[in-house]
Amino acid sequence: MVIEFRSGKVIVTPHEVVIKLNGEHMVTLQAQVDAVQLIGRGANVIAANGSETKWSIKLDNAEQLSEIAQQIGCKVE
């Protein structure tokens, strides 16, 4: 599943989340779903915290976060 947001796109599979940011630097963030936390309550943030990785990114709205949660089987906190 691909979810577009104003800064790029989120590619979600049952096993991983990949963020591709727009721009000349072609930034890509990737995390396995075990390391992903979805933060709602107006923040609308995907956070990844693994043994060697730590990043977060803000999405445009709660609906995008909800779609990701359904795809990876994770609850929004």
Side-chain angles (χ1 to χ4, degrees):
M1 162 184 274
V2 177
I3 299 168
E4 300 277 341
F5 71 111
R6 78 179 134 191
S7 297
K9 60 185 168 182
V10 182
I11 303 163
V12 184
T13 72
H15 305 289
E16 70 179 356
V17 175
V18 177
I19 313 284
K20 292 191 175 232
L21 299 178
N22 294 334
E24 64 181 285
H25 300 293
M26 301 178 65
V27 175
T28 300
L29 307 170
Q30 182 176 0
Q32 293 192 2
V33 295
D34 297 358
V36 171
Q37 178 183 14
L38 304 176
I39 304 167
R41 291 173 272 154
N44 305 323
V45 170
I46 302 173
N49 191 1
S51 60
E52 298 176 13
T53 301
K54 186 167 191 161
W55 56 259
S56 64
I57 193 157
K58 182 172 176 55
L59 298 178
D60 298 332
N61 55 54
E63 290 77 24
Q64 293 167 331
L65 204 62
S66 179
E67 287 181 49
I68 293 167
Q70 289 175 353
Q71 185 70 26
I72 66 174
C74 178
K75 67 177 183 169
V76 177
E77 299 178 16

**Prompt:** Can you tell me how far the CG atom of Asn61 sits from the CD atom of Glu67, to the nearest 0.5 Å?
**Reply:** 8.5 Å
**Prompt:** Going from CD on Gln71 to NE2 on His15, what distance comes out if it is rounded to the nearest 0.5 angstrom?
**Reply:** 10.0 Å
**Complete:** All heavy atoms of Ser56 vs all of Val45, minimum pair found to be CB-CG1, 3.9 Å
**Asked** Once you round to the nearest 0.5 Å, how far does CZ of Phe5 lie from CD1 of Ile46?
**Response** 7.0 Å
**Asked** Would you say Val2 and Val10 make side-chain contact, with heavy atoms under 4.5 Å?
**Response** no
**side chain to side chain donor-acceptor pair (under 3.5 Å) involving Arg6 - partner list, sequence neighbours excluded** = Asp60
**Asked** What are the two closest heavy atoms between Ile39 and Ala47, and how far apart are they?
**Response** CD1-CB, 4.3 Å
**Complete:** CG of Asn44 to NZ of Lys58, rounded to nearest 0.5 Å, is 5.0 Å
Sequence neighbours left out, cut at 3.5 Å: what donor-acceptor pairs do the side chains of residues 19-33 make with other protein atoms?
residue, atom, partner, partner atom, Å
Gln30, NE2, Glu16, OE1, 2.5

**Request:** Determine whether Val18 and Ile72 fall in the same hydrophobic cluster, where Ile, Leu, Val, Met, Phe, Trp and Tyr are linked whenever their side-chain heavy atoms lie under 4.5 Å apart.
**Result:** no
**Asked** Taking only residues two or more places apart in sequence, or in another chain, which ones meet Gln37 in a side chain to side chain donor-acceptor pair (under 3.5 Å)?
**Response** Glu77
**Prompt:** Any side-chain heavy-atom pair from Val36 and Ile68 closer than 4.5 angstrom?
**Reply:** no
**Prompt:** Quick one: CD on Glu4 to CG on Leu59, what's the gap to the nearest 0.5 Å?
**Reply:** 12.0 Å
